[in-house]
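A short worksheet on the structure shown next.
Letters A, B, ... mirror the listed sequences (proteins, then strands); counts begin at 1.
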Protein chains: 2
Amino acid sequence: MELLSFFDSVYKITPRARESLSSLITEKEYSKIEIIQQIGSRCRTVYIVKRGIARIFYHKDGLDITEHFAFSNDLIVRAESLFTGEPTPKGIQAIENTTVYAIDAVSLFALYDQHHDIERLFRLLFEREHVNSIKRLESLQFQSAKDRYLDLLKNTDYIQKIPLKHIASYLGITQVSLSRIRSEIR
Amino acid sequence: MELLSFFDSVYKITPRARESLSSLITEKEYSKIEIIQQIGSRCRTVYIVKRGIARIFYHKDGLDITEHFAFSNDLIVRAESLFTGEPTPKGIQAIENTTVYAIDAVSLFALYDQHHDIERLFRLLFEREHVNSIKRLESLQFQSAKDRYLDLLKNTDYIQKIPLKHIASYLGITQVSLSRIRSEIR
DNA sequence: ATTTAAAATTAACAAATGTTAATTAAGAAA
DNA sequence: TTTCTTAATTAACATTTGTTAATTTTAAAT
């Protein structure tokens, strides 16, 4: 399975662990716009995008805000819920027709006890997410919206497949501001 | 040791593991303003604040920007370096006279191999940091500077011990803007 | 205590981003 | 295609935040 070789590239686990882990992995397909996890739910599934694009979003003052985009091989979890067990005001939605690998979190965490190396693999995977959060923090803390947009253009393929309203809220600005920035650039 | 009971409250490890871990823990004192880790270095130490206040900071366009504050029992690491091995443009500085527990990261990671439960303990500790990063992201993405300041006031004791210029950059605004916000509040 | 340097405030003006509303463009459904 | 709905753009004006510089306050050093 493609996912297992991706995992291998992060940290190689024993064949036995690999066997146990692969039995937890299922595939799910979602069509464009479809909700993968409802707002307000608990995060009890670790998703990894196989193909397509998904986003984490929430509502604030009636606005729809995108917190995160995920592309191929990206994890997509609502960590503030997965790690605490608390419900989260955030949901997950497919932006394109999207296939994800899904791993039940309770079963996964149970496997951690039996296989030290599975816990390590996922520790390393989540550490990458952690670093991503920090990078994003840096850009939101002290870059102008225009610079954040230019960085996003530079670093993110598939960007043209994402509705601009989602990009705007991801950047922390209104859609109108993003339009203005785009017109300044050209 | 106080630190070990704090660790116990997060995840209880075996006495043997506890023994091994405690042999790695040293204490260091830093006086106000003193640099704990230089900008540009690699993060090879996990610090936990015993008492006092420390910050993670970096320079951007000649400005000093505070990315993070740490108080008693808070971890303070430059995760983007600790988890990747790369140098980081960030440094660590004591804001008050500060005592930290220091754990050498290389030795710690070596212990992970021998003690599954030590790896788990630190996984859980770093997960908390990860969740903190996400919370901070939310506030920077779509709250006004005034709301961010009010939240900080509400949630953070000792805030009055931190120079306003550090608070301003932490909030992603200039010191002048923070002064303006403070005068509006009263 | 006095002096000195650094931090915080204030004010005036500039730039960036938000808000509302109208218009155009794009995409989905029939 | 044609129609209809949603997304994106544009414009005008409001608000927030930035910039510079002067002033006051606070804290450090002597």
Side-chain angles (χ1 to χ4, degrees), chain A residues 30-35 52-53 55 57 59-66 69 93-98 138-153 158-186, chain B residues 30-35 52-53 55 57 59-66 69 93-98 138-153 158-186:
Chain A
Y30 296 91
S31 50
K32 190 171 184 167
I33 305 296
E34 196 175 350
I35 296 296
I53 309 176
R55 70 178 184 121
F57 71 103
H59 296 319
K60 160 135 190 171
D61 306 332
L63 299 174
D64 175 311
I65 297 178
T66 296
F69 295 118
Q93 184 184 36
I95 290 180
E96 290 283 307
N97 293 341
T98 298
E138 287 171 32
S139 75
L140 282 170
Q141 192 176 353
F142 255 104
Q143 269 186 273
S144 69
K146 185 188 283 188
D147 288 346
R148 293 200 296 277
Y149 178 63
L150 291 173
D151 276 3
L152 191 67
L153 278 186
Y158 320 108
I159 203 76
Q160 68 289 349
K161 295 203 169 182
I162 300 175
L164 285 179
K165 60 178 175 178
H166 293 156
I167 295 176
S169 72
Y170 178 80
L171 295 172
I173 57 178
T174 62
Q175 185 174 331
V176 176
S177 288
L178 180 56
S179 267
R180 183 163 36 206
I181 286 168
R182 282 162 58 90
S183 73
E184 282 166 17
I185 287 172
R186 280 177 260 117
Chain B
Y30 296 91
S31 50
K32 191 172 183 164
I33 304 294
E34 195 175 350
I35 296 296
I53 309 176
R55 69 179 185 122
F57 71 103
H59 296 319
K60 159 134 192 171
D61 306 330
L63 298 175
D64 175 311
I65 297 178
T66 296
F69 295 118
Q93 184 183 36
I95 291 180
E96 290 283 308
N97 293 341
T98 298
E138 288 170 34
S139 76
L140 282 169
Q141 192 176 352
F142 255 106
Q143 269 186 271
S144 68
K146 184 188 284 188
D147 288 345
R148 293 201 294 279
Y149 178 62
L150 291 174
D151 276 4
L152 191 67
L153 279 187
Y158 320 109
I159 204 75
Q160 68 289 348
K161 294 205 168 178
I162 301 174
L164 285 179
K165 60 178 177 178
H166 293 157
I167 294 176
S169 71
Y170 178 81
L171 295 173
I173 58 179
T174 61
Q175 185 174 332
V176 176
S177 288
L178 180 55
S179 267
R180 182 162 38 206
I181 286 168
R182 283 161 57 89
S183 74
E184 282 165 15
I185 287 173
R186 281 176 261 116

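Counting to the nearest Å, the P atom of C:dT17 and the CZ atom of A:Arg148 are 7 Å from each other. B:Leu63 has its CG atom 14 Å from the P atom of C:dA7, to the nearest Å. Note: CD1 (A:Ile162) to P (D:dA8) measures 11 Å, nearest angstrom. The distance between atom CD1 of A:Ile173 and atom P of C:dA16, rounded to the nearest whole Å, is 13 Å. The NZ atom of B:Lys165 sits 13 Å away from the C1' atom of D:dT26 (whole-angstrom rounding). C:dG27 atom P lies 15 Å from atom CD1 of A:Ile95, rounded to whole Å. Per the geometry, CD1 belonging to B:Ile33 stands 11 Å off C1' belonging to C:dA7, to the nearest Å. In this structure, CG of A:Leu171 is placed 16 Å from P of C:dA16, rounded to the nearest angstrom.
Within residues 174-185 of chain A, the residues having any heavy atom under 4.0 Å from DNA chain C are, by residue number, A:Thr174, A:Val176, A:Ser177, A:Arg180.
Between the side chain of A:Ser169 and the backbone N or O of A:Thr66, at least one donor-acceptor pair lies under 3.5 Å.
Contact between the side-chain N/O atoms of B:Lys32 and the OP1/OP2 oxygens of D:dA28 is found at a separation under 4.0 Å.
Side chains of B:Arg180 and B:Ser177: a donor-acceptor N/O pair is present below 3.5 angstrom, by distance only. For the residue pair B:Arg55 and B:Tyr170, no side-chain donor N or O sits within less than 3.5 Å of a side-chain acceptor on the partner.
Atoms CZ and CD1, from A:Arg148 and A:Ile173 in turn, are 6.5 Å apart once rounded to the nearest 0.5 Å.
A:Lys146 and A:Asp151 are not joined by a salt bridge, as no carboxylate oxygen comes within less than 4.0 angstrom of a charged side-chain nitrogen.
Across the interface with DNA chain C, nearest-nucleotide mapping of B:His166 and A:Gln143 shows B:His166 to be the residue nearer the 5′ end.
Surrounding NZ of B:Lys60 are more than 12 heavy atoms belonging to other residues, nucleotides or ligands, all under 6.0 Å away.
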